Amino acid sequence: MLRSAPEHEPEHQKLGPGFPFFRVISTAVLVALTGSIALLLLADVAYTNRKSLLEVLGSADFLAAFSLSLTTSAITTLIAMAVAVPAAYALSRFPFRGIVVLDVVVDLLIVMPVLAVGVSLLVFFRLGSDLAGSSIWLARVVGQGIAGLGDFFIYQKAGIVFAQFFCSVSFAVRTLKSTYSTMNPRTEHVAMTLGCTRWQAFWRITFPMARHGIMAAAVLSWARAFEVFGAVQMVAGAVRQRTEVLATAIYLEFSIGRIEAALVISLVMIVVAFLVLLLMRLISRGNLFGVEGNS
Amino acid sequence: MIRADNLCYSIGRFSLQVSFQVEATEHLVLLGMTGSGKTLLLENLCGLRRPAAGRVWFGQQDVTLAEPRRRHIGYVPQDGALFEHLNAAGNIGFALNVAGMPRTKREAKVRLAAASLGIEHLLPRRINGLSGGERQRVALARALVAAPRILLLDEPVSALDESTRDAVCRELARERKQAGIPVLHACHSFEEASLLADRVCILQDGRIVQIAPPLELLNNPASPHVARLLRLDNLFSGIGVRRDGASHIAIGQSLIRAPAPETPVDLMIRPWEIRLAGAAVPDSWNIVEGTVVETVHMGAIIKIRIAAPLPLAVHLPIRDADGTRPVPGSVMRLCFPDAAVHLFPHT
């Protein structure tokens with residue numbers, strides 16, 4: 001039997017060498033954008049000296065903040081993905097009247113300033129304390145529960161994860177919803193006719209087919225959790241070697257006039273973020289410096 | 001055997017309400033326009049949608065409320081819906097894998113299923129690299145590998161070019177014969193239906209309007225809608241009258257001889273029963289003279305459309321037509337017997 005040519009040639013290859021003008025302009029814009037970002041980083045490097053670099057990197061405060069940042073952002077990413085994978089699936093696959101309201105509420109966390117998220121979390125726990133003193137039994141029980149949670153989170157390491165979660169989960173949900181929506185639901189239908197339950201169809205078909213989207217959602221979620229500052233500081237505070245993450249450390253160093261130390265920590269955050277993003281790309285695409293496909 | 005007893009399903013303002021039966025080794029084609037309810041019906045039979053009323057039987061088993069996985073069906077949806085994270089072998093062997101079949105046995109079965117469709121060489125290939133015909137063959141092998149008791153196909157070849165479509169249809173017919181199972185196959189092309197169908201079921205707005213073998217359908221469509229769906233020409237509305245003691249039908253300014261009640265009628269003049277009017281035309285035959293406005297070559301048949309008070313389309317074997325040079329603008333005389341006139345049942 002004759003073998004046919006593949007019909008799924010990557011789109012960028014189909015365009016071939018045509019449209020040189022548009023290609024040059026758009027590439028120039030891309031280079032200008034990345035160049036300006038690189039200039040910002042170079043400015044940071046220019047104001048950093050070897051002495052302050054070694055001093056900061058060797059300090060116990062920095063090492064504690066660095067370790068806490070990596071740990072909390074990783075835990076936050078896992079929790080955010082555990083929530084986002086089913087929530088985005090429900091948004092994409094199980095529509096019902098009024099679901100658009102839920103969709104907008106999820107998006108709300110993306111546009112809300114992180115400080116507003118932090119304030120809302122604090123007020124929520126305050127509400128719990130107030131309700132705990134209520135004369136109504138149900139309100140008192142609920143209030144005591146919320147107040148108990150407040151004790152667990154406020155000014156505690158767990159509060160860092162809590163604040164990071166609310167600042168990052170919507171990015172994961174949004175990315176995953178787009179991924180699911182572009183996937184053919186008939187693949188799950190076929191899987192169900194081939195012996196799968198609905199859950200098995202999701203786990204064996206949709207989940208692996210959505211792997212690139214899941215990876216992208218995890219990266220976005222992690223990046224947001226890693227860099228978020230305002231909400232974390234409001235919920236968990238900024239106690240050295242206790243609830244201080246790298247973003248908080250930059251603020252603390254800056255507030256006491258140690259600009260070089262703040263710059264060093266900024267650079268560390270940038271380098272870590274760059275390496276993680278690059279690593280994720282490598283894992284999901286299997287391709288480092290080559291031309292990427294449209295997968 | 002598949003049987004649907006008064007199967008009802010509604011979605012929005014569309015409602016599906018059908019009863020039919022597919023015999024044990026029959027290939028029934030569901031033919032209907034887009035939006036007629038073909039896919040909805042198949043999804044109800046798959047168990048992907050729950051009917052509001054009615055029963056579905058596979059053989060002696062009532063499967064109306066059974067989960068899709070308990071129905072033991074082979075389902076090929078419109079686009080194949082292949083699992084792109086698996087290669088062709090992974091796709092074909094998916095049902096066996098879910099059932100927990102040991103690897104060596106599974107691989108042997110997959111190879112056998114692939115070989116019967118001539119796609120053994122595709123087994124290690126990624127799905128993204130396959131052509132349309134190859135994808136459909138993989139989807140078909142995936143549906144057949146676990147020996148389903150019925151096969152449900154939703155426009156399985158409509159996206160393919162004609163020669164690939166014909167090849168896949170031939171393989172489909174052979175597989176069906178080997179498997180000895182009933183097949184319900186939705187499509188919107190009568191040509192595809194006539195390649196495979198034992199009977200064709202016409203679906204219109206969620207209702208079955210006619211079930212018949214392809215030839216019977218072609219000769220006696222139940223309504224102008226069915227005739228249009230089969231892409232038949234020469235559909236007219238007229239009124240039965242008696243002239244000179246004989247039954248005629250008045251169509252606009254034209255009058256043709258044909259038995260008809262003296263009431264308004266919808267009719268079709270079968271294009272393949274219209275001939276070129278030679279020197280000797282029987283008196284009882286109708287004669288129409290007109291100017292050729294269009295000629296379309298359809299393989300060994302040429303379809304000629306003439307402009308006349310009774311505008312007709314005629315299908316002529318190309319050898320007959322060649323002698324008359326039916327170029328647009330030329331004058332042509334056509335004739336047909338009253339038996340060529342098909343009256344649609346009054347509705």
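These values consider heavy atoms only, across backbone and side chains, with no hydrogens, waters or symmetry-generated copies. All of these numbers come straight from a predicted model, not from anything done at the bench.
Of the charged side-chain nitrogens involved, none lies within less than 4.0 Å of a carboxylate oxygen, so that B/Arg3 and B/Asp62 do not count as a salt-bridged pair. A salt bridge does not link B/Asp154 to B/Lys38: none of the charged nitrogens lies less than 4.0 Å from a carboxylate oxygen. Using a 4.0 Å cut-off between charged side-chain N and carboxylate O, B/Arg176 and B/Asp198 make a salt bridge.
Both the backbone and the side chain of B/Arg142 come within less than 4.5 Å of a heavy atom of chain A. Within the 4.5 angstrom heavy-atom criterion, only side-chain atoms of B/Asp79, from C-beta onward, approach chain A. When heavy atoms are compared at a cutoff of 4.5 Å, A/Arg198 does not approach chain B at all. Proximity to chain B (any heavy atom under 4.5 Å) is shown, for A/Ala201, by neither the backbone nor the side chain. With a 4.5 angstrom heavy-atom cutoff, B/Leu48 touches chain A only via side-chain atoms. Looking at B/Leu82, only its backbone comes within 4.5 Å of chain A, counting heavy atoms on both sides.
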| said: Run the ring-ring contact (aromatic ring centres under 6.0 Å, His included) test on B/Phe14 and B/Tyr9 for me, step by step, so that the C-alpha distance in whole Å, both residues' side-chain angles and the decisive distance to 0.1 Å come before the verdict. | reply: CA-CA 9 Å; B/Phe14 183 86; B/Tyr9 182 84; 9.0 Å; no
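There is no side-chain donor-acceptor pair under 3.5 Å between B/Arg70 and B/Gln61.
Comparing B/Val76, B/Val98, B/Leu96 by heavy-atom pairs within less than 4.5 Å of chain A, the highest count is held by B/Val98.
The aromatic rings of A/Phe166 and A/Phe162 lie perpendicular to each other, with more than 60° between the two planes, well past the 30° mark.
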